[in-house]
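Side chains are part of it too, since the values below use all heavy atoms of this structure and drop only hydrogens, waters and symmetry mates.
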Amino acid sequence: MQANMTFATFLPAAPEILLAVGAMVALMIGAFRNEKSPSISAGLSMALVIAAGVLVWLIPAEGTPVFSDGFVLDPFARFMKTLIAIGSAAAILLSVDYMRFGRLNRFEYPVLIVLATTGMFVMVSANDLITLYLGLELQSLAAYVVASIQRDSARSTEAGLKYFVLGALASGMLLYGASLVYGFCGSVTYAGIADSVTTGGGSIGLIFGLVFLFAGIAFKISAVPFHMWTPDVYEGAPTPVTAFFASAPKVAAMGMLIRVAVEAFPAATAQWQQIIAFLAIASMALGAFAAIGQRNIKRLMAYSSIANMGYALVGLAAGSEAGVQGIVIYMAIYLAMTLGTFAFILSMRRGDTMVENIDDLAGLSRTNGTAAFFLAVMFFSLAGVPPLAGFFAKFYVFLAAIEAELYPLAVIGVLASVVGAFYYLRIVKIMYFDEPAAPFERMGGELKAVLGVAGLIVLLFFVYPAPLVEAAGAAAKSLF
């Protein structure tokens with residue numbers, strides 16, 4: 001640690017400090033007010049996340065590591081933190097309607113989202129293995145709690161327990177890998193690791209450490225074969241929690257994986273490319289085929305998330321600046337598609353009962369034509385149908401793979417997309433051609449806002465994609 005800690009030293013971590021202090025304040029307000037309604041806590045938490053997202057852009061992104069080279073704020077971290085802030089704020093907003101009906105009547109929930117966001121911010125700015133682990137565990141511990149926050153629900157409790165047990169196993173694998181990397185490199189900083197790894201990729205022990213390290217991170221992005229928790233947790237957790245799990249944490253874990261691979265192991269690219277290519281192929285294949293038989297829409301979205309992480313990993317397997325740019329574009333568009341879809345899933349309510357079966361969407365176009373249109377846009381985009389945003393997301397990662405001469409990987413990705421299109425289009429068929437089921441209750445204003453904004457982004461992205469493409473290019477360039 002530097003001997004003279006000045007204000008400038010702490011400035012790059014100002015958003016994280018704001019979130020941590022703000023979460024403690026929100027927790028105290030909730031505890032001392034003994035509030036039964038969490039509306040004040042939700043409003044304060046959302047304001048904190050938005051303020052942190054804005055603050056990220058007010059701080060110069062110099063890219064110079066601080067805190068003994070353990071933390072860095074560069075254009076890549078800035079962009080990913082913005083996506084994380086958007087995802088977390090939207091997740092809190094999506095929970096308001098759910099809270100209104102007393103299903104998630106706990107002020108701690110939005111505060112835990114803020115603490116998880118703090119960990120995610122640290123994850124994408126981590127510049128050594130210790131900071132990486134601290135950020136990952138801060139995010140994970142909060143996630144374990146929110147998964148089981150409905151203590152009177154057996155499904156929620158089971159989801160939280162499964163997530164915790166498997167998450168602890170993944171953390172152990174990551175720590176073991178980090179210890180091996182430190183043992184063979186003599187450093188925990190990414191720059192120190194990169195300097196010690198030879199052009200040939202290092203010793204066999206270092207490769208073992210790399211495998212365990214990547215395995216621990218792969219758990220967080222639900223990549224096969226570390227996806228086992230995803231369908232059960234997505235189905236069992238309260239739906240707003242599922243929406244959160246499917247959005248911001250995926251962006252943070254992917255950003256963390258990119259930085260570790262590109263900055264810490266540039267000389268071992270040939271070795272980690274094989275790991276990433278396997279994860280990508282397995283995730284795309286399983287996500288495409290396993291979702292076909294699903295009748296619960298939350299389980300279907302779990303397998304959809306697994307497949308989407310596989311598509312994103314295709315860009316990282318390219319090991320190039322264009323590949324990283326493609327991933328960043330993919331994660332931004334994935335965030336919009338996921339939040340929009342879950343905004344509608346949260347409106348699937350008849351009376352006081354939430355419904356989750358895909359068959360409950362029958363004839364939606366005749367009972368709520370606007371919602372059916374926007375939901376169809378989301379599913380067509382997830383299927384990669386042009387000219388919607390999801391097509392361009394896949395286009396950029398597959399293009400990077402082709403430029404890196406990874407032709408089999410790109411072909412498998414396209415074939416998996418064709419298979420995946422089946423279950424997305426089947427839902428559209430159910431909404432537009434089946435006999436109408438009983439209508440859902442009126443959508444809350446918050447849900448309409450998220451669905452509408454996400455739908456317009458996905459629908460009109462092709463009109464002016466330049467800002468996102470250029471920002472993603474700048475973020476990727478800062479890593480190379």
Chemist: Could you check whether any side-chain N or O of Ser196 sits under 3.5 Å from a backbone N or O of Ile193, counting only pairs where one atom can act as donor and the other as acceptor?
Modeler: yes

Chemist: What is the distance from atom CG of Leu313 to atom CD1 of Ile258, rounded to the nearest 0.5 Å?
Modeler: 9.0 Å

Chemist: Can you tell if the side chain of Pro249 reaches within under 4.5 Å of the side chain of Gln139, non-hydrogen atoms only?
Modeler: yes

Chemist: What verdict does the side-chain contact (heavy atoms from CB on, under 4.5 Å) test give for Tyr407 and Glu405, after you've listed the backbone C-alpha separation in whole Å, the side-chain angles of each residue and the deciding distance to 0.1 Å?
Modeler: CA-CA 5 Å; Tyr407 304 116; Glu405 300 183 357; 3.8 Å; yes

Chemist: Is there a side-chain contact between Asn127 and Glu263, using heavy atoms and a 4.5 Å cut-off?
Modeler: yes

Chemist: For Val72, does its backbone N or O pair with a side-chain atom of Ser125 as donor and acceptor, under 3.5 Å?
Modeler: yes

Chemist: If you round to the nearest 0.5 Å, how far is CE of Met348 from CD1 of Ile358?
Modeler: 8.5 Å

Chemist: Does the side chain of Ile297 come within less than 4.5 Å of Asp360's, by heavy atoms?
Modeler: no

Chemist: Can you list every ring pair (Phe, Tyr, Trp, His ring centres under 6.0 Å) pair that touches residues 165-185, not counting sequence neighbours?
Modeler: Tyr176-Phe212

Chemist: Quick check against the 3.5 Å criterion: does Ser45 have a side-chain atom that pairs as donor or acceptor with the backbone of Val114?
Modeler: no

Chemist: Inspect the surroundings of CZ in Phe391 and state if more than 12 heavy atoms from other residues, nucleotides or ligands are less than 6.0 Å away.
Modeler: yes

Chemist: Is there any ring pair (Phe, Tyr, Trp, His ring centres under 6.0 Å) pair reaching into residues 215-248, and which pairs are they, with sequence neighbours excluded?
Modeler: Tyr163-Trp229, Tyr163-Phe245, Phe219-Trp229

Chemist: Please step through side-chain contact (heavy atoms from CB on, under 4.5 Å) for the pair Tyr303 and Leu286, ending with a clear verdict.
Modeler: CA-CA 8 Å; Tyr303 286 108; Leu286 184 134; 3.8 Å; yes

Chemist: Has Gln325 got a side-chain atom pairing as donor or acceptor with Val469's backbone, closer than 3.5 angstrom?
Modeler: yes

Chemist: Taking Phe76's backbone N and O only, do any of them form a donor-acceptor pair with Lys477's side chain (distance below 3.5 Å, no angle check)?
Modeler: no

Chemist: Any sub-3.5 Å donor-acceptor pair from Arg78's side-chain atoms to Ile59's backbone N or O?
Modeler: yes

Chemist: Spell out, as yes or no, whether a donor-acceptor pair under 3.5 Å connects the side chain of Ser171 to the backbone of Gly167.
Modeler: yes

Chemist: For Leu300, is there any backbone N or O sitting under 3.5 Å from a side-chain donor or acceptor partner on Ser304?
Modeler: no

Chemist: Would you indicate whether the side-chain heavy atoms of Met331 and Lys250 approach each other to under 4.5 Å?
Modeler: yes

Chemist: Report yes if the side chains of Val260 and Tyr190 come closer than 4.5 Å at any heavy-atom pair, otherwise no.
Modeler: yes

Chemist: Side chain of Ser305, backbone of Met301: donor and acceptor closer than 3.5 Å?
Modeler: no

Chemist: Tell me if the CG atom of Leu134 is crowded by more than 12 foreign heavy atoms within 6.0 Å.
Modeler: yes

Chemist: Taking the side chain as C-beta and beyond, is there a heavy-atom pair between Leu213 and Leu129 under 4.5 Å?
Modeler: yes

Chemist: Any sub-3.5 Å donor-acceptor pair from Asp128's side-chain atoms to Thr131's backbone N or O?
Modeler: yes

Chemist: How about CZ on Phe208, more than 12 heavy atoms from neighbouring residues, nucleotides or ligands closer than 6.0 Å, or not?
Modeler: no

Chemist: CE of Met337 to CD1 of Ile457: how many Å apart, nearest 0.5 Å?
Modeler: 11.5 Å

